[in-house]
Structures are given as structure tokens and as C-alpha cells.
2 protein chains.
Amino acid sequence: MLWTRTLIPTMKETPEGAEIPSHVLMLRAGMVNQVMAGAYSYLPLGLRALKKAERIVREEMDAAGAVELAMPAMSARGLWEQTGRVDAFGNVLVQLTLNRAGRKVPVVLGPTHEEIVTDLVSRQINSYRQMPITLYQITTKFRNEERPRFGVLRTSEFLMKDAYSFNTSVESLGETYDAMYEAYCRIFTRCGLNFLPVEAESGPIGGNASHEFMIPAPNGEDAVLHCRACGYAANQEKAEIGARDGTPPADVPQKPLTKIPTPGAHTIEQVSAFLKCKPHKLIKTLIYMADGAPIAVLVRGDHDANEGKIRRARGAEQLELASPEVIEKVTGAPIGFAGPVGMKETIPILADRDVQQMANAVTGANEDEAHLVGVNPTRDFTTDLFADLRNAVDGDPCPRCSRKLALRHAIEVGHVFKLGTKYTEALGAKFLDADEQLHPIIMGCYGIGVNRIIAGLVETSCDKDGIVWPMALAPYEVLLTLVKVPDEASMKVAMELHDQLTAAGVDVLLDDRECRAGVKFKDGDLIGIPLRVVIGERGLKESKLEIKWRWDKDAEKIDLDRAAETLIELVRTERRGAARFLNR
Amino acid sequence: MLWTRTLIPTMKETPEGAEIPSHVLMLRAGMVNQVMAGAYSYLPLGLRALKKAERIVREEMDAAGAVELAMPAMSARGLWEQTGRVDAFGNVLVQLTLNRAGRKVPVVLGPTHEEIVTDLVSRQINSYRQMPITLYQITTKFRNEERPRFGVLRTSEFLMKDAYSFNTSVESLGETYDAMYEAYCRIFTRCGLNFLPVEAESGPIGGNASHEFMIPAPNGEDAVLHCRACGYAANQEKAEIGARDGTPPADVPQKPLTKIPTPGAHTIEQVSAFLKCKPHKLIKTLIYMADGAPIAVLVRGDHDANEGKIRRARGAEQLELASPEVIEKVTGAPIGFAGPVGMKETIPILADRDVQQMANAVTGANEDEAHLVGVNPTRDFTTDLFADLRNAVDGDPCPRCSRKLALRHAIEVGHVFKLGTKYTEALGAKFLDADEQLHPIIMGCYGIGVNRIIAGLVETSCDKDGIVWPMALAPYEVLLTLVKVPDEASMKVAMELHDQLTAAGVDVLLDDRECRAGVKFKDGDLIGIPLRVVIGERGLKESKLEIKWRWDKDAEKIDLDRAAETLIELVRTERRGAARFLNR
């Protein structure tokens, strides 16, 4: 492709509103163009990279035995009401109304396709002989983002590979799940991504039933706890915390319990400012409804409660924060003044292990505008259970090897999940087993954000000059840069090379613009094509071409008369070098 | 691919609500599955065919120098208000509202992308040096169909290839237009479609500036006039009519003009029934507003007025049917009783040439509940102009060679159109020429309905047993049918062949289902794979395999020991045989 025949609108300046590297560079390299907040056009360069990622995903899904289909974006809202997901998605669900010959038809634009694929399967699959089967598609999904941002990382419309497996047993689901997990590892490795599979909150199947695939990146919106020593990795929602010292410090004398008026201070920040103490000296008391009954949960003031852990510790199915009315009734005080000492009603009290080792802490006094100081667990209140009830933080002990967990920010690019029978039961997708018995089909789901593969790569593979593409995703593999235009001799050499490489299946871009060579070199670095070939008068005189890898500092020279063979060989070798690219 | 590992839910019965062959067969062959009225899932077999069509379109667009990009479905409604297309599309435009952090954002789902691409170009292209350029995409489009029908032929969501060219002159646009026209011919030929490019109504550029690509089919929703003698073809809106005899018959005595009460009869059908005469004995009088002033247009009762022809004959920019108030004011009678004799006001009267040769006709009397009989043009009323003002019908003379035009129904699969500067002027897309002068960019647009390639092929290439695919679009090229399952010997032969053919790049489907051979043969004919290979115990004993082309009556035998080579060679030859497929 000649640069002048396509559309690569590079920019020198950082575009307004773009903050993180991937957003800045994808705009500056002319890969994408914003149509509205949360919706981007992929320009030729961006689309070529996206299509390469899509192709790798498709090849590996096919190789793993998944079967491709394509479901429409539109479906009737009624289907989503049957599974309760109109409410569950809330504002995220994009809805519209079609006007059909005098009838209004409420429609949902799919944010994902569990309902549609299960509805299909409920009609077309009814025997154990037709399973296991994994159906997948690579199609546009729609989600209403309250605040779309970070370029193509978070948009209202995006390309997603979503796969759904249908199995007759939990064991069979396990096999499919493992096959998908392996396929995901191959996909992200081939894409040249430094990725980390992390444990994630699992659904009804329980156990080791959900993983997210993360790209560690300082600007990532997700938080991951990672133990570099033993390799344990989990997202913040799921990460367990290793053994913690459960005894209060013996050398700290216990102060007397004292009530202090704290007018207007009800948040942790307000109380610590008012009492001039650090948040970790406070005990936060949260009132939850666990399967409809109130419980109190205590965590240290600088920690965040983890609802999954609380739910499991309590053995509850449902857990939600109590309403202000319930809090007032149970504690005797309005929100912000609850505490474990002297509550109005006797309810179960669960405390995080870190609360166990606190001494002379601060809590709410269960009355308006007052707190207690000198609060000591055991002496001043009793708890029903000490357990791991909070989100892990940087430096917490690893649950496997007890060494330190590191908190890392990351971009989620994939998720595999054992769904169980939630959708198949709601939509009546059943099968007959070999004994003619009816059972609900057991499902798994497996998603990849294809745009995020591209944005995640750019975010983590760039330098001050621009993007550094691996061969696998590079919009073009070779960039032929003409030093002087017009110049008949170099144009002739360039076109010959262009045609020879193209004929050999190499993706070539020829920069034939009439502009200074310096501009071309800068643009070449910006768009990040792996192998740059400079074609200039000086080199031609010596029958040499200068070549340079985007990630190398130095250029080298190759013979002009064998240039095509040399370049083709270099490209083929580098294509197999995904691992080397990652470790460079 | 093994049949048991994919999802091909064939059906024996004609599904309810499906009327035309493509709809019936795509459902019966398990290619598609309806999600809601106007939205279909493409199941594995359907998606494979669709992807093959998409690939052919992409290859030919690339070969013609067009550059691919991908624009989002969503865009801000404001952009569409700038070009007036919110009103122009009316109910066809799918609209929704996004809820963004307390703000409502009105959004349009693109039915096509002129606004978005022109907005992009207005920002990224500003010099004559950047043109000509043709940008295209193959993406999902959304249109609210009042009555979606005919399966995937008319849906609310469909895959469209839309291309937009940007040129600096009308001559350059002409070159791009011709290149696109040629690319379209190659695409439809490669797809094995019997297609007909027809002239269509052109926009502001005028001249030979619009063509539609039609697949003649009895169930097609479009009407085309075609002269088999000279090749002239145009859609009904555009088709001209050759010279017609403009003199009234000399041998018919003129009857006296007589008024007859016709209570309750105001349509052509009612009047002809009431007066017991054929519709072609009536003169239909239509009152139009041409650039704001009323005119009367006369056509024979069995003909339809053609507004494009009327507009051009009158030299008017705008033309619309007059309101009931204007009709009553101008004619002195309510709708249904207008006539050219004794109108209340003197307005221009234009008559179609066929009216010129009528004698003793029937017209409205310009008074309520009355008609005139024995009306004779010239004697009873004068006209300002006789011209071609009606839609051509079957049997009309060809405008080129005067032989007979045939009316054919057809499915529109493509459209090329010289747009001019409508969008670039509305959205400020201008360029500087070599003399630094600003001009609006000149546009063309070029669309292909990718789903219609598939539906159009099925509609026109099928027999009583099912679909007959050409190699180019066939979901699989070869079907290996196992006569007996389980049978180790035949399964071994089949798997070896399957793997050898797959390794050679041939798309193979192996029917390994445990069911009667008869069912497999019927399903094989239904899904229409071009080359069927039967693997059975009897053949294996003789070291022979039976092969049969889907479109041939008879099977033949090939040697088992050279089967892979033979089949690969047959497939490769047939792949080059698009023309032969069409002429079989």
C-alpha cells in the first residue's frame, strides 16, 4: 500500500482530552477517530491491527473446537426480562423502540448474548448427543457507559468475542473451561501481550470457576493482587489474604472506654480529622442484610469490606447494605454513628481479622453525633466470628506462600466463567440424557474484548516516539521509507520491493509522500511498524539499503540485490518470535 | 468439520410464515434462526456463506484501490440534523437515547454512513493531493422496517458494504464510478449471481449517474424494465418509454360529451365497475404542486404517473401531490372527481402520450359524484404538453431500439451513485486545489447488501430438493457422506480424506451422524454443498468412492487410492468455473 493512497492522518501534538498512552498514540498515529463520546471510527491503520487480533482470536477458537455463528445486536426486551437482566444491567443496557406498522416494539441492543444463544439452544439442542458444543461470535456489543473514557478502552460500542459452551455435566464443563483457558493463553501470547490470568469471583458453580485475563498497566482500571514469589494472582474482589496475627498487642495498655461528642463527623475521613487520629485507628461498622436479616460487619477504617467474603463467611445467598431505616432501628443511631458497643438490638457481629488486633480504637457510639474512643475488642464487645472480610491491599500476605502480595493496576482483556444453569433454567434449555431423563444444560461463557487487545498492546508497548508493534498485530510488517520524492531511481527500487514483498504475503507500506525525510522517520516511529527500510540515493549508490527494527537502537545495512529475499526471511523469522518480542 | 461437532439444525417441514424459496430454504437448511421479527442469527452454515461473500466483496474493493475502515453504528443525532436526514429518513431511522452521567444524549444508529464519513473527511482531508480516495467498510446497518419480511432479505439490521469516494472533479468522480461499477460486476460474477445492472434515477450530478445491480427473481420487490434485444435495462422509476403513436384512432367516431352521476365512485376501480368499462378507457387526473404552483397531470386509468418524469417535463425542482384543499379549490370538486374539462381555475395541463390517442374516454366532471363520458382530447380540452409521464409497463417500446420491454421482478443487491456535493457542502468538507482555491469535495457512494448476495443466490439457485451453491459461496465445498455409522473402516477413510482435503485448503464437511443414509442424502441436497462424496461399505470393497455434483443428475465413481488428489483437482477447477456455474 502506498501512504498517499490510504488515510493515515498522523498528529504531532497530543490531542485534547487524551491522557493515557494508548489513547494519545492511537489518535496521533491516525488509527482511530472519535465520532462521539464513546464511539470511534477505526481508520485504515487501526482497522488492520484490529482485524489481525480478530483473526488470531478466530483461529484459536476454531482450533479449540468452538463453532462460529453471528447473533444480531437487536433482540426483544421480553427475553431479557425472563432472566431478570433488564434490572441487573440497569442503565448499562441500551434500549430502543422500533415503530412497526402501528406497533411499538421494545428492543435491547445486546451487551452480551447469553439470552439469545440460550434461546437458540433451547430450540435446537435437546439431546446429550448434540453436546458438548461451544458457540462463539465476534460481533459488536453495546453498553451505555456513564463516562466513556480512555479512548477505545471504554466505549459504548465495541467488538467482543463471546463464546458460550453447553455441556451435560460439570466435569464436561470443566474440560471445555480448561480448553478455553488454554486457547486464551495462546491468543494473548500470539498477540505479544504480557498478560496475567487471575482468579476472579466465581458464580454458582463455585470452586476455581472464573478467571480474568489481565494486562498489567499503570493506567488500568482494574486492581489485581499478585504474588511474584509463588505466582498467585487474583482480582481485588476475589483475592484472599494470608494468615494474619489475630492477637491484640500485649504491650499497649487498654484505655478506658469514653464517649466523645463528634458533631457533623460521620465519615471515616471526618471522624479521623475531628479526633486527629489515623483512619486505621477506627473501626468501621457496616450493617448488611444477609438473606433478609441484619448483621454487623467490622473492618478497620482504612480497609474496604468485601461483600463476597462476607456472604461466604455468613453462608448467605443474598447480601446488600441495609437501608437507613434498618440501621437506625438496629443501632439506635443514624448512618455514620453505628458501633459494636451497645447496639439497640442484638444482631450477629462479624469482624475482619485485622480488627482482632486493634487496641484503643474509635467506633460510633450508636447515638447521633457521638463516637467512642478507647474501644477494645473482647473487653468492650463480643464478636460472633473473626474472618477475612475485606479487600486485599498492597503488602498483604499471600494466601498461598505468605510472602507479600503486590497490588497492580491492569486492563481486563478476557474473562472465562462457569455459568451453571442460571440461563438454561430461566429459558427452558433442557436436554435428554442417555436414560431419557430431562436436565437443564450446563453453561460456561468466555469473553474477549478485541479492541482492548489493541489498546492494551499500545498502552504497554510504546516508547517516547510512538507505538512498538509486534509482528502479529502490526498494521503493516514492513515500512519502506523513500528519502527523496520525487526521485525516479528510488521509486523504482521501492515499487519493485513493495511488489515482491506483497507477492510473498508480507504487509508493506510505502511512504511515498512528498515531504522531508525527517517527518517520515518520525511518523514511522509513531505508527510503530516493526521493520523499517530506508531507500535513499546514498544507499543506492553503494547498492545497500538501511534497515532498522522499531525496537532496536541501531540500523544495519543489507545488500540491495538480495533485499527482497533478506526482508522476507527476516519477517518470517520475526513472525515466529512472539515470545522473543515479549522478552526483549 | 464433523457434522456432529457443529450446529446444522435442518428441518423437513416448511417453517411457518416463510413464503419465498430463500426464506424457506435458509431456515430449513439451518443457515439462519429468527431472533425477533427483522433480526436473524446466522448459524454456522449461514455465517460461512456470508463470510465468503464478504471476502469476495473485500478482495474486489481492495483490488479497485478502495481503502477499508470501520465506522461505529452510533453517532450523535445532531450530525444528521445538519444534512436534513433525520426528517428524510423519518421512521426508518433507528434512534435511541444514552444516559450519560446525568445527561441525555440523542443517538442515531447508522442506516448508512454519509454523514459520519463526510465529517471524518472534513477534518482529515483538505488538499487535492489527498484525493481521489475511496473509503469503504463492511459493517452492520440499522433500519426500522415497518414490515420486515422475506427472511434476511428485509431486516432491521443487516451487513452492508458501503463505500464513499472523494474526488476533486466530476471527471475524476466518473473514473471512480466506473471503477466501482466494474468491481461490482466482478463481485457478482464471482458470487455466481445472474445479475443485471440497471439505470436508476440520478441525483444532482445528472446524466448516467446511478445504477442498481439487480438479481432477477419472481419474488423480488423491485421492478425492472429490460430489453432483451438491445440490453437496455432500468428500474421502473427511471425506465423511459420509446416512441408511441400520438394520434387518436381515425376510425372511431367521437361520441358527444355527457355528464353521468357516479355516486360513491371515486377510484379508478370503482368508476370502471360502475360504468362497466375497462380502466384503460379512463383518464386519471392528478393535481400536483410543482415548485409551489398547481398543475394537472393526465395519465391513462391503467397507468401510474412517474413523478421524476413529471418533474423533468415541467422543469420543476420540487413536486408533490396537492392537498385535498388545493384540489377542491382548483378543480371545484373533492378528490376523485377531477378532470381536464371545465376546471375551476386555469392551470397547466400535462398529459402522457397515451392520453393523446384516447377516444371517448371517461374523466371526472369536476363536481361531486359525477363523471364525464365521451371525452375526446383536443376537442374537449387542451393540454400544454404531451410527454412521457408514466411508469413503463411490460410490453412498452424500448427507448433505444423500439422493440418490446419486459417487466421483470428483481432483488436489489447493489447501488452505485454520483452524490455530488450534497453532504460535503452541508458538513463543510472542502479542499484546496493546486491554486489554493477552496471547493467542496465531490462525492460518490456505492453500496452492496451482503446478506442479499446470499439470499439472492439461494432464491435463484435452488431446486425442489434444496439449495444449489456455487463453489465461491458454498459453506463447504465438499460433503463426505458416511453411509453407515458407526463403521470403523469407512470412518477411517473419511477422516483421512477430511484431513487431506482440509490440509489442501478445501472446505470439507463430514456427515458422521448416526442416522439413516437417506436422511443424510436429503440433508446434503437441502444444504446444497457442491460436491458430495459417498463413503460406504460396498464402494470400499471395490476401492471406489461415489461422487456427485449437486447440479448433476448422475453420480460417478473415482478410485479410492487417488481420491484426495482427484477431489482437490475437481474443487480447484470448479472454483474457477463461476461462469460455467451460471450457464449450466
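Chain A is the first sequence line, chain B the second, and so forth, proteins listed ahead of strands; every chain is numbered from 1. What you see is a predicted model; the values in this text were computed from it and never measured. Basis for what follows: all heavy atoms, side chains included, without hydrogens, waters or symmetry-related copies.
Neither the backbone nor the side chain of A/Arg103 comes within contact range of chain B; no heavy atom of the residue lies under 4.5 Å from a heavy atom of that chain. With a threshold of 4.5 angstrom between heavy atoms, A/Ser156 approaches chain B through its backbone and through its side chain. At a 4.5 Å heavy-atom cutoff, the contact between A/Ala37 and chain B is made by backbone and side-chain atoms alike. Contact annotation for B/Ile116: only side-chain heavy atoms (C-beta onward) come within less than 4.5 Å of a heavy atom of chain A. With a threshold of 4.5 angstrom between heavy atoms, B/Leu109 approaches chain A through side-chain atoms but not through N, CA, C or O. Heavy atoms closer than 4.5 Å to chain B are found nowhere in A/Phe158, neither backbone nor side chain. With a threshold of 4.5 angstrom between heavy atoms, B/Leu98 approaches chain A through its backbone and through its side chain. Using a 4.5 Å cut-off between heavy atoms, A/Val121 does not touch chain B at all. For chain A, the nearby part of B/Ile125 is the side chain; its heavy atoms alone come within less than 4.5 Å. For B/Val32, no part sits under 4.5 Å from any heavy atom of chain A, backbone or side chain. Heavy-atom distances place both the backbone and the side chain of A/Leu43 under 4.5 Å from chain B. A/Leu45 does not touch chain B: none of its heavy atoms, backbone or side chain, sits under 4.5 Å away. For B/Gln95, the part lying under 4.5 angstrom from a heavy atom of chain A is the backbone only. With a threshold of 4.5 angstrom between heavy atoms, A/Val107 approaches chain B through side-chain atoms but not through N, CA, C or O. When heavy atoms are compared at a cutoff of 4.5 Å, B/Leu79 does not approach chain A at all.
Between A/Gln130 atom CD and B/Arg513 atom CZ the span is 10.5 Å, to the nearest 0.5 Å.
Comparing A/Thr140, A/Leu7, A/Asp119 by heavy-atom pairs within less than 4.5 Å of chain B, the highest count is held by A/Leu7. Ranking B/Pro148, B/Gly65, B/Ala76 against chain A, the residue ahead of the rest is B/Pro148, based on heavy-atom pairs under 4.5 Å.
Other residues, nucleotides and ligands contribute at most 12 non-hydrogen atoms within 6.0 Å of the CZ atom of A/Arg5.
Not one N or O on the side chain of A/Gln124 forms a donor-acceptor pair closer than 3.5 Å with the backbone of B/Pro9. For B/Arg100 (side chain) and A/Glu145 (main-chain N/O), a donor-acceptor pair under 3.5 Å exists by modelled atom type. In this structure, the side chain of B/Glu157 engages the main chain of A/Met74 through a donor-acceptor pair within 3.5 Å. Not one N or O on the side chain of A/Arg48 forms a donor-acceptor pair closer than 3.5 Å with the backbone of B/Leu69. Distance alone, capped at 3.5 Å, is enough to place a donor-acceptor pair between the A/Asn144 side chain and the B/Asn99 backbone.
Nearest heavy-atom pair across A/Val105 and B/Met36 is CG1-CE, 3.8 Å. Residues A/Ser41 and B/Met71 approach most closely at OG-CG, 3.3 Å, considering heavy atoms. Across all non-hydrogen atoms, the minimal contact from A/Pro72 to B/Tyr40 is CD-O, 3.4 Å.
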Would you please test A/Asn33 and B/Arg123 for side chain to side chain contact (heavy atoms under 4.5 Å, CB included) and show each step?
-> CA-CA 10 Å; A/Asn33 187 77; B/Arg123 286 186 264 166; 3.9 Å; yes
